[in-house]
Amino acid sequence: MRYLEKINKPNDIKNLSINELNLLSGELREFLIDTVSKTGGHLASNLGVIELTLALFYVFNFEKDRIVWDVGHQTYIHKIITGRKDKFHTLRKYEGISGFPKPTESSYDHFVTGHSSTSISAALGMARARDLKGEKHNVIAVIGDGALTGGMAFEALNDAGSSKTNLIVILNDNEMSISQNVGSLSCYLSKIRTAPAYINFRDEIEQMLKKIPAVGNNLYKSAEKFKDGLKHLVVQGMLFEELGFKYLGPIDGHNIEVLTDVLKRAQTIKGPVIIHTITKKGRGYCYAEENPEIFHGVDAFEIETGERIAKRKETYSKVFGEEIVREAEDNNKIIAITAAMPDGTGLTEFSEKFPERFYDVGIAEQHAATMAAGLAKEGFKPIFAVYSTFLQRAFDQVIHDICIQRLPVILSIDRAGIVGEDGETHQGVFDLSYLRLIPNLTILSPKDLVEFRYMLRWCFKQNNPIAIRYPRGGDLDIKFDKYDDINLGKWERLLIGNKVTILAVGKMVQHSMKAAVRLKGRGIDVELINCRFIKPLDKTMLDNLIERSDHIFTVEDNVLYGGFGSAINEYLISKNYKGKVVNIAFPDEFIPHGSVDILYKKYGLDPDGIYNTIIKNID
Ligand SMILES: Cc1ncc(C[n+]2csc(CCOP(=O)(O)OP(=O)(O)O)c2C)c(N)n1
Ligand SMILES: CC(=O)[C@@H](O)[C@H](O)COP(=O)(O)O
Ligand SMILES: [Mg+2]
């Protein structure tokens with residue numbers, strides 16, 4: 001690691017020759033593969049931006065210039081060369097290096113990202129602030145072709161393009177979102193990729209125009225018109241230029257020499273510029289190049305074989321995938337929708353078996369929700385499979401387009417609760433709070449994989465908006481033996497007791513069961529209830545509990561505020577309950593990255609934590 005060792009501060013990059021930068025990129029590739037093979041993480045995207053990152057640091061000075069990386073999952077090289085190389089083995093671990101940009105981690109991380117398509121808006125805001133303050137520095141947004149499918153990116157292009165603000169947008173086009181990229185914009189980009197002639201052609205015309213003596217405005221105007229006409233002949237509708245950006249590209253995003261030249265040129269251009277770089281996801285590691293989808297976000301793996309080290313367990317996403325296929329075989333109204341997460345949500349098999357009833361809409365959760373509403377209005381049964389954290393994007397669409405009209409859309413909410421290593425931008429700990437307040441919405445959550453199947457079958461039969469939320473991964477080792485029929489607003493009593501009641505939701509039923517067995521062992525008369533429905537609550541059971549329970553504990557893997565515990569508190573207050581109520585939930589803070597086991601322990605949501613809270617609070 002001869003050159004990597006020389007990089008003690010980012011500006012050391014500037015002392016290297018292009019040849020040395022190429023050698024450094026090889027060392028970085030090796031370092032990255034070695035580390036991520038142990039920690040897991042977003043390998044393929046990072047392998048694709050090594051040269052781009054080095055070129056950026058070679059040309060710009062990020063002590064004063066600003067950079068916003070869209071999604072931020074491709075910032076590992078940025079982190080390694082900005083002083084975090086020695087801690088990089090702690091990537092995504094609790095209290096270690098985050099997998100996303102974090103200004104609290106480094107002054108070189110200028111903006112938090114994690115959710116897609118925010119970079120151009122944030123960068124435009126920073127550029128406007130620079131101008132308002134009379135400062136002089138560059139502001140750069142780096143956005144992938146997948147992230148460019150998100151609505152916010154379009155909104156920002158629309159605003160920036162008409163603004164005349166100096167702003168550099170780098171479009172890193174690797175022809176992939178997590179899966180194959182989708183949509184007409186992606187087709188448009190591939191048209192540009194295959195028409196590089198335009199670029200050379202345009203540059204030649206520009207050179208020619210510069211040589212024309214300034215004999216008058218009219219000649220200049222006709223020459224400009226001529227240039228525009230030619231441009232349309234070669235690539236129909238240069239979208240970015242029509243939107244007000246100066247377009248530079250497409251260029252080879254692995255060629256540091258070309259990259260540095262174009263970046264230097266972009267610095268001198270007035271107004272918004274877009275640089276279109278073509279890169280290969282997974283570049284330089286054969287398994288990642290062949291399977292960029294698997295190596296997008298990968299668990300620890302063997303470098304020699306590309307095989308994952310841990311065996312995959314049965315997961316909620318997989319069960320969801322099986323059940324929706326089973327249902328769709330009998331019911332031709334079933335439609336599956338994803339916002340760029342077909343594999344993560346378990347929809348791959350559905351997409352292959354029923355391509356005409358499957359829609360990947362790109363990174364467009366808002367559109368997905370309203371499009372589902374449109375389908376439902378016309379008699380179909382759409383299921384929008386979405387991660388809890390990304391559904392936050394579509395809050396208004398769930399209210400305004402689905403629930404007001406009481407349309408039978410199923411929101412199949414994966415990755416609810418904590419997801420672990422992705423950290424604060426991705427934890428699914430808000431959904432119970434932001435969904436519970438919406439009228440007409442039924443919300444439920446399974447205690448385990450078997451119950452999940454029963455619940456999904458129940459959901460498919462309903463005719464109103466439903467949100468079913470379930471965690472990342474699979475179950476603990478607990479096996480429950482009761483799967484009574486699912487009935488609207490009815491809970492399941494799992495352990496009978498009298499004095500102390502635990503009301504638990506979803507995966508927390510498993511943790512609570514472990515705690516309850518220990519409590520019983522100490523002679524505590526504890527009752528455990530699986531609160532299958534978060535909305536509506538089982539008021540009959542609650543009324544019965546009010547009569548006989550001195551202590552009620554609620555347990556949920558959601559934030560305390562506005563969640564399931566709050567719903568119970570509201571009800572108990574309305575009934576003038578005199579016993580003690582304790583809510584066990586995530587506190588009012590963003591939950592950091594780390595393994596889910598460490599995080600449950602830290603926040604007292606593991607079986608021991610639940611047990612201790614109960615012991616502490618009973619007389
Ligand atoms: C709002 C939102 N929805 C979904 C995702 C999940 N997601 C993370 S990266 C990604 C694909 C991004 O593709 P691209 O921007 O082209 O970057 P690449 O991975 O190809 O480098 C998706 C869908 C997200 N981060 N944010
Ligand atoms: C960066 C991003 O948003 C996704 O890649 C996310 O990390 C996927 O999470 P899962 O690994 O849970 O599918
Ligand atoms: Mg991409």
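One-based numbering, in listed order, for ligands and for the atoms of each. Please read these numbers as outputs of a predicted model, since none were measured by experiment.
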Within the structure provided, determine whether [X] and [Y] are in side-chain contact (heavy-atom separation under 4.5 Å).
X: Glu322; Y: Val325; value: no
X: Val419; Y: Tyr387; value: no
X: Leu54; Y: Leu259; value: no

Students should find this: residues with any non-hydrogen atom under 4.0 Å from ligand 1. What is the answer? Ser45, Val71, His73, Gly114, His115, Ser116, Gly144, Asp145, Gly146, Ala147, Asn174, Met176, Ser177, Ile178, Lys281, His296, Ala340, Met341, Ile363, Glu365, Phe390, Arg393

Does the ring-ring contact (aromatic ring centres under 6.0 Å, His included) test come out yes or no for Phe62 and Tyr108, once each step is laid out? CA-CA 6 Å; Phe62 291 114; Tyr108 288 97; 7.9 Å; no

Count the heavy atoms belonging to other residues, nucleotides or ligands that lie under 6.0 Å from NZ of Lys93, then report whether that count exceeds 12. yes

Looking at Glu290, I want to see if its CD is surrounded by more than 12 non-hydrogen atoms of other residues, nucleotides or ligands under 6.0 Å. yes

Is the contact between Val419 and ligand 2 made by the side chain, the backbone, both, or neither, using heavy atoms and a 4.0 Å cut-off? neither

Calculate, to the nearest 0.5 Å, the distance between atoms CG and OG1 belonging to Asp159 and Thr165 respectively. 8.0 Å

Please report the interatomic distance CG(Leu91) to OG1(Thr35), rounded to the nearest 0.5 Å. 8.0 Å

Give the residue, atom name and distance (to 0.1 Å) of the protein heavy atom nearest [atom].
atom: atom 13 (O) of ligand 2; answer: Tyr387 OH, 2.6 Å
atom: atom 1 (C) of ligand 2; answer: His42 NE2, 3.3 Å
atom: atom 10 (P) of ligand 2; answer: Arg415 NH2, 3.5 Å

Find all atoms of ligand 2 within a distance of less than 4.0 Å from any non-hydrogen atom belonging to Ile178, and give their numbers and elements. 5 (O)

Counting each atom of ligand 2 from 1 as listed, which ones have a heavy atom of Phe390 under 4.0 Å away? 3 (O)

Out of curiosity, is Asp422 lining ligand 2, as in a heavy atom under 4.0 Å away? yes

Determine yes or no for a side-chain-to-main-chain donor-acceptor pair under 3.5 angstrom, with Arg469 supplying the side chain and Leu432 the backbone. no

Using a 3.5 Å distance criterion without hydrogens, assess whether the side chain of Glu424 forms a donor-acceptor pair with backbone atoms of Phe590. no

Among protein atoms, how many N/O/S atoms lie less than 2.8 Å from the Mg ion (ligand 3)? 3

Donor-acceptor pair between Ser179 and Asp343 side chains, under 3.5 angstrom: no

If we ignore angles and hydrogens, is there a donor and acceptor under 3.5 Å between the side chains of Asp475 and Gln510? yes

For a ring-ring contact (aromatic ring centres under 6.0 Å, His included) check, start with the C-alpha distance between Phe301 and Tyr285, then their side-chain angles and the critical distance, and finish with the verdict. CA-CA 13 Å; Phe301 62 93; Tyr285 180 52; 5.8 Å; yes

Among Glu421, His426, Arg472, which one has a heavy atom closest to atom 2 (C) of ligand 2? His426

